[in-house]
Amino acid sequence: LKKKTVVSATSDACRIKSMFYHAYNSYLDNAFPYDELRPLTCDGQDTWGSFSLTLIDALDTLLVLGNRTEFERVASLLQDTVDFDIDVNASVFETNIRVVGGLLSAHLLAGRAGMELESGWPCSGPLLRMAEDAARKLLPAFQTPTGMPYGTVNLLHGVSPTETPVTCTAGVGTFILEFATLSRLTGDATFENVARRALRALWKTRSDIGLVGNHIDIVSKKWVAQDAGIGAGVDSYFEYLVKGAIMLQDEELLNMFLEYDRAIQNYTRFDDWYLWVHMHKGTVSMPVFQSLEAFWPGLQSLLGNLDSAVRTFQNYYSVWRQFGGLPEFYSIPQGYTVDKREGYPLRPELIESAMYLFRATGDHTYLQLGLDALESIERIAKTPCGYASVKDLRDHQLDNRMESFFLAETIKYLYLLFDPTHFLHGGGTEGDGSWEEGGEGGQCVLGAGGFIFNTEAHPLDPAALYCCSRHTQDRRELRDILINLSQHDRQSKQPTKETEGPAPESIALKPGEKKTPPPLSCPVQPFSARLSILGQVFSDNT
Ligand code: DMJ
């Protein structure tokens, strides 16, 4: 039985790879450098910007599938061809999760791809600089009285004076993973600070019963759309509170989520479905399941709420079986699709949850969903030129669009579902075998803390964040020491009176003194401790 499972897992992995290359090669042949492939007309179009979005989004999937040479080729192609200095109005949210997230993840995986790395990697590198460049273009959107960002920014000119101040909740609260990663890798705190400011401002706007709505005026702080739920417009805000808490070991974020979760369970959950309710009254406004909500069981499993995750997954899987895909909206009382929301744009969320739940339970139900998804997509959405969004699951009409998340997320999660020993799942042996240079002269066990996927399925490595923060801290300490030394040198040349004051506090650890260990630890000591070991040079003389 074991042998059979291995054989079929291998052939499933091959089928998923063929699916990827059918779409990917067609994008390169027919659509690059446009953002997206149009799979019915076999050409390309710009959608979310004008930055070869599909290629950026698909870059780390190449490595996930084991294609190091193509990963390296595309990484350098993107450096040569993509320019963010363009007069384009771009979504702050989409640019962050797809472009910044995609480049950050590729940067962090470059070591594993066997690419030549510059000496400061992972705290510097060309893909990191590209990610930073793109993220800087988004910063003007955060310059608002509340710190909550506008939804759209012009990459060249900043926020248009006529820009609407109404942003969806996810558009305010889905930055902490990418922005904290950027800050901690580069040492520039600006990104993490703006993301946190936005999160705190949003937190303060919750209703008396602890819920947030769907769209908010980021200047007046008034809720413009007051439907509270876990789907479209809100979803990744909750996801980032949980994943941000895990990646940054941050209790503030976790507590925010847990308080929301109490209200969500209380007001929106019925028979393990999640409905939409009025954020102030808690009364049901839409008894609808949205396909975007299917990330929730995966998130619950990350929090350890397995029973509830499994039951909710079963509800959503029953909808998949009914239609061979998840319609954008599904009316729970009617048990059918909602008018004008019958499409399935090849979204990843149910497969994503299946991956987490298979990892947590080992139950083959989740592999079955993976097989169902593979079959459906091949049968309904495949065209000679790629895979097309399904316009209507009832009659299988297609749309001339292949969203970049199909290669970034849907295929990646499918592949990872069928490869439970993949390095991205982390766990156990991973840290041992992967010593890699980190920071100048320092070593970090990259990957040792597992990986956190951003909401576009781009894996981020918490160990790299920790190691680069420490590297920055080391440099600051060294700078302070040198300043102290030069002051000390000057003072010692002055008459004795000047040197009689209290000794400046040593930066070295005192004998027996311990630093509180950080939640993730790298196998080297802080710079100050290393100095103190090297003959207590500074502590003895001060
Ligand atoms: C992706 O861009 C992201 O997963 C986002 O959080 C939600 N929408 C799509 C996938 O459905």
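Annotation: the span from Leu104 atom CG to Leu109 atom CG amounts to 10.5 Å, rounded to 0.5 Å.
For the pair Arg401 and Glu403, the salt-bridge criterion is met [side-chain N within less than 4.0 Å of a carboxylate O]. Looking at Lys340 and Asp392, no side-chain N of the basic residue comes within less than 4.0 Å of a carboxylate O on the acidic one, giving no salt bridge. Taking the charged nitrogens against the carboxylate oxygens, Glu328 and Arg347 do have a contact shorter than 4.0 Å, which makes a salt bridge.
The aromatic rings of His425 and His422 lie perpendicular to each other, with more than 60° between the two planes, well past the 30° mark. Ring orientation note: the planes of Phe423 and Phe451 are nearly perpendicular, at an angle over 60° on the 30°/60° scale.
Note that Arg269 lies outside the cation-pi zone of Tyr267, set by a 6.0 Å cut-off to the ring centre and a 45° limit from the axis. A cation-pi arrangement, defined by a distance under 6.0 Å to the six-membered ring centre and an angle within 45 degrees of its axis, is absent between Arg206 and Tyr260.
In this structure, the side chains of Trp48 and Thr95 stay at 4.5 Å or more apart for every pair of heavy atoms. Using a 4.5 Å heavy-atom cutoff, the side chains of Leu350 and Phe313 are in contact. Residues Pro459 and Ile452 form no side-chain contact, since every pair of their non-hydrogen atoms from C-beta on lies 4.5 Å or further apart. Proximity of Asp57 to His458: side-chain heavy atoms (C-beta onward) are separated by under 4.5 Å at one or more points. Between Tyr316 and Glu293, the closest side-chain pair of non-hydrogen atoms falls below 4.5 Å. Contact annotation: the side chain of Leu103 approaches that of Val99 to within less than 4.5 Å [non-hydrogen atoms, C-beta and beyond].
Considering all non-hydrogen atoms of both residues, Ile216 and Val172 come closest at CG2-CG2, 4.2 Å.
Checked against the 6.0 Å centroid threshold, Tyr240 and Phe179 do not count as a close aromatic pair. The aromatic ring centres of Tyr344 and Trp320 sit less than 6.0 Å apart. Aromatic rings from Phe175 and Phe142 are positioned such that their centres are separated by under 6.0 Å.
In this structure a side-chain-to-backbone donor-acceptor pair under 3.5 Å is present from Thr186 to Leu182. With Lys243 contributing its side chain and Phe453 its backbone, the two residues share a donor-acceptor pair below 3.5 Å.
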Verdict with supporting geometry, Phe358 and Tyr366, ring pair (Phe, Tyr, Trp, His ring centres under 6.0 Å): CA-CA 6 Å; Phe358 182 58; Tyr366 304 108; 7.3 Å; no

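Partners of Asp188 according to the side-chain hydrogen bond (donor to acceptor under 3.5 Å, both in side chains) rule, which considers only residues two or more places apart in sequence or in another chain, are Arg136, Thr190. Residues that satisfy the salt bridge (charged side-chain N to carboxylate O under 4.0 Å, His left out) test with Asp85, not counting sequence neighbours, are Lys137.
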